[in-house]
Asker: 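Dropping a structure here in structure tokens format, bear with me for questions.
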Amino acid sequence: MSGYISTRTATPSASTLGNDRAIDRQWFTRHPVEVAWDLIGCTLRVTRNGVTVAGRIVEAEAYAGPADPASHASRLKVARQVMAGPPGTVYTYLSYGIHTMMNIVTHEDGQSGAVLLRALEPLEGIDVMRERRNGVADDRLANGPGSLARAMGIRLADIGADILCSEEFAIVFGDAERHIHASLRIGISRAVDAPWRFFEHPSPFVSAHRRGRAVERHEVARLIPPPGTPID
DNA sequence: ATTTGGATATCCT
DNA sequence: GGATATCCAAATC
């Protein structure tokens, strides 16, 4: 592990978040680009069989539903159904036949979309994560979407879970002091120009690509194309 | 029956 | 840090 020391806390008060809403259904009822940016610094906690693991979200990507050629919603039936469903629903899928990806459905009313969780800074249950991840370095326990799911015990069968009502999942507010960069989304072949990958910078816990440009909260709206604009 | 679409572990330097 | 081998689900043919 590097010499990085996080100055952030696991459960800061909601009032420090600038964005004054609680994380509830309404919070997820926004464009995935906004939610992805806001999720950086928030904590994902999963409790199963009495075992709790938690991590601070340091990397996430937005996918804007059927209109976004990079989104599964543009070509997969199940994805289309789930991503058009209630914000706060889990959408999982399998990548490379091996890795489970965890997304959270987020969209404005009547729309469709999701945020892919790509990396976490481990906070709780680190010993469990080390076991699940076969002893890799702590800054690689959840430094990619497949690693994240493995470390957190996320399964393909979690598709459709409601993260807001589930006994197993929780999302907790993050802190206000975040330095967030945006870059192109990783591992896609269509709509490659949308800068909808957000990550904390600097952080040793993000996945391989660390180049991006700083994006302040007030700039996020500019990254969202007007309704009807083709994404490409 | 065939094609498509994806991130990681492992090895190498 | 970089190259390479790997597998399954869903859509399409």
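The sequence lines fix the lettering, A, B, ..., with proteins before strands; numbering per chain opens at 1.
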Asker: Just jot down the side chain to side chain donor-acceptor pair (under 3.5 Å) partners of R190(A), sequence neighbours excluded, or say none.
Answerer: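 So R190(A) forms no side chain to side chain donor-acceptor pair (under 3.5 Å) with any residue.
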Asker: Treating primed atoms plus P, OP1 and OP2 as sugar-phosphate and everything else as base, which nucleotides of nucleotides 8-13 of chain C get B, S or - for protein heavy atoms under 4.0 Å?
Answerer: SSSS--
Asker: Using a 4.0 Å heavy-atom cut-off to protein, can you give one letter per nucleotide of nucleotides 8-13 of chain B, 5' to 3': B if the base is in contact, S if only the sugar-phosphate is, - if neither?
Answerer: SS----
Asker: Calculate the interatomic distance between M102(A) atom CE and dA7(B) atom C1'; express it in whole Å.
Answerer: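 In whole Å, dA7(B) C1' lies 18 Å from M102(A) CE.
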Asker: Kindly write out the residues that satisfy salt bridge (charged side-chain N to carboxylate O under 4.0 Å, His left out) with R213(A), not counting sequence neighbours, or none if the list is empty.
Answerer: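 For R213(A), the residues satisfying salt bridge (charged side-chain N to carboxylate O under 4.0 Å, His left out) (neighbours in sequence not counted) are E219(A).
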Asker: Considering residues at least two apart in sequence or located in another chain, which fulfil the side chain to side chain donor-acceptor pair (under 3.5 Å) criterion with S166(A)?
Answerer: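 Partners of S166(A) by the side chain to side chain donor-acceptor pair (under 3.5 Å) criterion come out as none, since no residue qualifies.
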Asker: List for me each residue that meets side-chain contact (heavy atoms from CB on, under 4.5 Å) alongside E131(A), sequence neighbours excluded, and say none if there are none.
Answerer: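 So E131(A) forms no side-chain contact (heavy atoms from CB on, under 4.5 Å) with any residue.
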Asker: Write down the distance between OH (Y93(A)) and P (dG6(B)), rounded to a whole number of angstrom.
Answerer: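 About 7 Å, once rounded to whole Å.
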Asker: Figure out the CD1/P separation between I188(A) and dG5(B), and round it to whole Å.
Answerer: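 I188(A) atom CD1 is separated from dG5(B) atom P by 12 Å.
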Asker: Which residues satisfy the ring-ring contact (aromatic ring centres under 6.0 Å, His included) test with Y93(A), sequence neighbours excluded?
Answerer: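 Once residues adjacent in sequence are excluded, the partners of Y93(A) under the ring-ring contact (aromatic ring centres under 6.0 Å, His included) criterion are H72(A), Y91(A).
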Asker: Got a sec, which pairs hit side-chain hydrogen bond (donor to acceptor under 3.5 Å, both in side chains) with one end in residues 104-116 of chain A, sequence neighbours left out?
Answerer: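 Checked against side-chain hydrogen bond (donor to acceptor under 3.5 Å, both in side chains) - neighbours excluded - no pair reaches residues 104-116 of chain A.
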Asker: Ignoring hydrogens and angles, state whether a donor on the side chain of S207(A) or E59(A) is under 3.5 Å from an acceptor on the partner side chain.
Answerer: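 E59(A) and S207(A) do have a side-chain donor-acceptor pair below 3.5 Å.
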Asker: For residues 146-164 of chain A, which residue pairs qualify under side-chain hydrogen bond (donor to acceptor under 3.5 Å, both in side chains), counting only residues two or more places apart or in two chains?
Answerer: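 Qualifying pairs: R25(A)-D162(A), R48(A)-D158(A), R133(A)-S147(A).
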Asker: I need the NE2-P distance between H72(A) and dA7(B), as an integer number of Å.
Answerer: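 Atom-to-atom, H72(A) to dA7(B), this comes out as 9 Å.
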